Structure formats: C-alpha cells, structure tokens
Amino acid sequence: MGIKQLFSIIKEEAPDAIKEGEIKAQFGRKVAIDASMSIYSFLIAVRSDGQQLMNESGETTSHLMGMFYRTLRIVDNGIKPLYVFDGAPPKLKSGELARRYQRKQEATEGLEEAKETGTAEDVEKFSRRTVRVTKEHNAECQRLLKLMGVPYLIAPTEAEAQCAVLARAGKVYAAASEDMDTLCFNTPILLRHLTFSEQRKEPIQEIHLDKVLEGLNMDRKQFVDLCILLGCDYLDPVPKVGPHTALKLIREHGSLEKIVEFIESDKKGKYTLPDDWPFADARDLFFQPDVRTAEDPLCDFKWEKPDIEGLVQFLVTEKGFSEERVRSGATRLEKNLKSSQQSRLEGFFKPVPKTEAEQKAHKRKLEEKNEEAKKKRKEDKKEKAKAKAKPRGAN
DNA sequence: CTCTCACA
DNA sequence: TGTGAGAGG
C-alpha cells in the first residue's frame, strides 16, 4: 500500500502541491466523501469495552453515531458534505486481478488482526477481524443522511472514482479522503484530515494534483504508473521497489511497459516482478473507472432542511440515542445548512477594525449603508405604488 | 469516532 | 484555554 510512500514522495518532490490550513479555510465549500470507507472506520473506531455500540435490542449503532456527529461537525464549519457510497465491486478485466483484489480486501482485515497480535486485547482483536460494512449499515446511513438533509449518491462501483469525477467537474471543491489513491482517479484536489483538525492539532491538507504532476514532472499516466509500482489496491507491489526506486524507474524508463521490459531483460536480475502482474489492467481501472458522468441527473444533489421528528423517531425511538443530543444536533444542522446556502464569500473573515476610532468609522459606514438601504426601500415602495395605481395594460 | 465535563 | 478520561448506545 503506497499511501505513506506516495505522500512522502509528494512532500519531497512537489512540496507546493500540499497546502495546509485550518478547517475554517474550507468554509462554504462542497466536498465529496467516500461514505463506505467512513462507515468502515466508524465500525472499527466507535467502540466501548471492545464492543461496538449497540441499542437495547443489540443492533449496532456505531456507524450511525459516527456519521451523525462527524457530519454535524463538518456542517458546523460551513462545509457542505456529499456522501458517495460504493456500488458493486469493480468488474475486473483479468481473473488474476480479481483474485488479487479479493485477497487484498481480505488481507486488510487480517492485517488489523496481525497488528494486534501480542497485545492482550483478544476480544478486540476478534471483533475487529469480523468487521464488514453490510448492506444494512449502508442503508441505515442513507436513511440517516436523508433525514439530516445531507445528499448522497450511490456510485456504480467505487466511491473514490465517483468522488473524483464530481470534483473534476467542479460539482464539489474536492474529494475528501485519507486515501492517496484517490489522486489516481484524477481528482484535482484531495482533502485529507478533514475531520480531525481543531480537536487534534493536525492541519487540513489540500493536495493539488496539477502541482503534484508539475513537481514530479510527469504526466498523469506516469503518475498512475508510479502509484501502481508502489502498490495500489489492485496489484501487489514489486519486491524491493520503494519510493526512491519507483521514482527512479519511472524517470528512467517512462512507463510500466518499459520498466517491465527492463526488469525482464536485466541480466543482473536485481528486481523480480510478481508472477502475474497485469499492470495494464490495473491502469485501466484508474483511467476508465465505472462512474456516472457529472451530468447524469443522478449526480444532482442539494442540501435540505433536516427532518427533526424523523431523526428523533429513527435515532431516539428506534436506536436508543439521547433525545436531547439528537434534537440539539438537528438544530445545529438546520441553522448551518440554511446559512451556508450562500456560497463562499471571499473576504468574509476580514476582521472588524480594532481601535476605537476605527470602530466608530466602521459603525458610521454601517449606518450609511443602512440609510441607503432604507432610502432604496422607500423608492421601491413608491415605484410599486405607482405601478399599482397605474396598472399596466399598454403594450 | 466525537462529545462532555472535570480539572489544571 | 487546553488537555485527559470516560461515556455514548
């Protein structure tokens, strides 16, 4: 998995591509979020005594908890989230690719377990391994979002790819994900650490793909080849090839075709490719993912007022949440989604003048504006009255 | 994971 | 104002 490696390469070779800032800087922006990935992490992280949270009937509530509060926090910051759910698993062209993909998926869960080996947390270990995002989890989160007035859409296959399409089309500002692989799907901007700013001290990262390519001096194809070489979700990495070598190989040979050629003809046999390594098929998945175009009516979305009573019914009555918390959450949601109707205003955060003189000047200005507005209203009224008195019929 | 509340 | 422990369902 090249997540760390890819980031370190970018940091090294294209530092301008990474912009760090506070969450406030994202005010008014729309972002696309991979819902299924989020749900998975909630199921793992939202726990108490090693168990997922559950209501009295034993139904899991971790995913709803996580999604409810995280979304609230995002919305509190004036950000408008759009969730994208995974559809069917991608149809992989080669059988080998499919095999590896499946194994990787299973390994992801096994890895969590392996990491825990040696610690005394047997219970946790066991329950983590069995975590799967089910149809029911997805459906419940969709119901929750609907009640919250937060839009979502279901991707034909992979959510990440769909997020990238929306960002590329300008329907959202960025794809928000922790997964660097999202860049391979051609999102112009990747937003990382969207949620844990403020509370933690880490800043939000914007990673700009154009700057990445510029800094690496590569086109998109070479960049994707680089990522595949580092080990993407669909293919195993090449043994002994780390970030440094991967970069060097791409720079010297220009493409995976040439690199494979080189490795196979290299008499010294420094590197060995995995037995079956259908890199071209993996590359296709990044270049021709199964997605809806941004113009598809199914990609239309809007933010609406929350259904407060519906939320209470679902979360409180059915799932045992605290009514007070749900209601106060719903109120926050109502307030924020209303006020963020207006789009991003540059200069919105210009500080109010500080000295007394400046404050007075500022006040005067406001009064002037007020006066002007009043006058205008009066005039408008007059116009209207005139129009009424002299109803139009002439034309 | 996120919230809350107690405590420096 | 900030941090840590503990609850949440």
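Computation of the quantities below employed the complete heavy-atom set of this structure, encompassing side-chain atoms and omitting hydrogens, waters and symmetry-equivalent molecules. These numbers come from a predicted model, not from an experiment. Throughout, a chain's letter reflects where its sequence line sits, starting with A, and its residues are numbered from 1.
The interatomic distance linking Met67(A) (CE) with dC1(B) (P) rounds to 14 Å, in whole Å. One atom, CZ of Phe42(A), and another, C1' of dG9(C), lie 16 Å apart when rounded to the nearest Å. Atoms NE2 (His63(A)) and P (dG9(C)) sit 14 Å apart, rounded to a whole Å. Regarding Leu43(A), its CG atom lies at a distance of 15 Å from the C1' atom of dT2(B), rounded to whole Å. The CZ atom of Arg327(A) sits 20 Å away from the C1' atom of dC3(B) (whole-angstrom rounding). The CG atom of Leu64(A) sits 13 Å away from the C1' atom of dC1(B) (whole-angstrom rounding). For the pair Leu144(A) CG and dG9(C) C1', the interatomic distance rounds to 14 Å; values are reported in whole Å. In this structure, Leu194(A) atom CG and dT2(B) atom C1' are separated by 14 Å, rounded to whole Å.
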Step by step, would you call Asp179(A) with Arg192(A) a salt bridge (Lys or Arg N to Asp or Glu O under 4.0 Å)? CA-CA 8 Å; Asp179(A) 193 346; Arg192(A) 295 178 84 218; over 6 Å; no

Does Lys211(A) form a side chain to side chain contact (heavy atoms under 4.5 Å, CB included) with Lys19(A)? I'd like the steps, not just the answer. CA-CA 11 Å; Lys211(A) 291 276 179 10; Lys19(A) 299 183 179 164; 4.2 Å; yes

Measure all distances between protein nitrogen or oxygen atoms and nitrogen or oxygen atoms of nucleotides 5-8 of chain C, and list the pairs falling under 3.5 Å.
from: dG8(C); atom 1: O6; to: Arg47(A); atom 2: O; distance (Å): 2.9

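Using modelled atom types, one finds no donor on one side chain facing an acceptor on the other under 3.5 Å when comparing Ser38(A) with Tyr83(A).
Salt-bridge check for Glu136(A) with Arg143(A): failed, with every basic side-chain N at 4.0 Å or more from each acidic carboxylate O. Glu304(A) has a carboxylate O that lies under 4.0 Å from a charged side-chain N of Lys302(A), or vice versa, which qualifies the two as a salt bridge.
Cation-pi check for Arg132(A) over Tyr40(A) is not met; the charged atom does not lie both under 6.0 angstrom from the ring centroid and within 45 degrees of its normal.
In this structure, Gly66(A) reaches neither bases nor backbone, as no heavy-atom distance under 4.0 Å exists between it and the strands shown.
At a threshold of 4.5 Å between non-hydrogen side-chain atoms, the residues Lys30(A) and Leu82(A) do not count as touching.
Considering only side-chain N and O atoms, Arg73(A) lies nowhere under 4.0 angstrom from the phosphate OP1 or OP2 of dC1(B).
Counting only heavy atoms from C-beta on, Arg70(A) has its side chain closest to dT2(B) among dC3(B), dG9(C), dT2(B).
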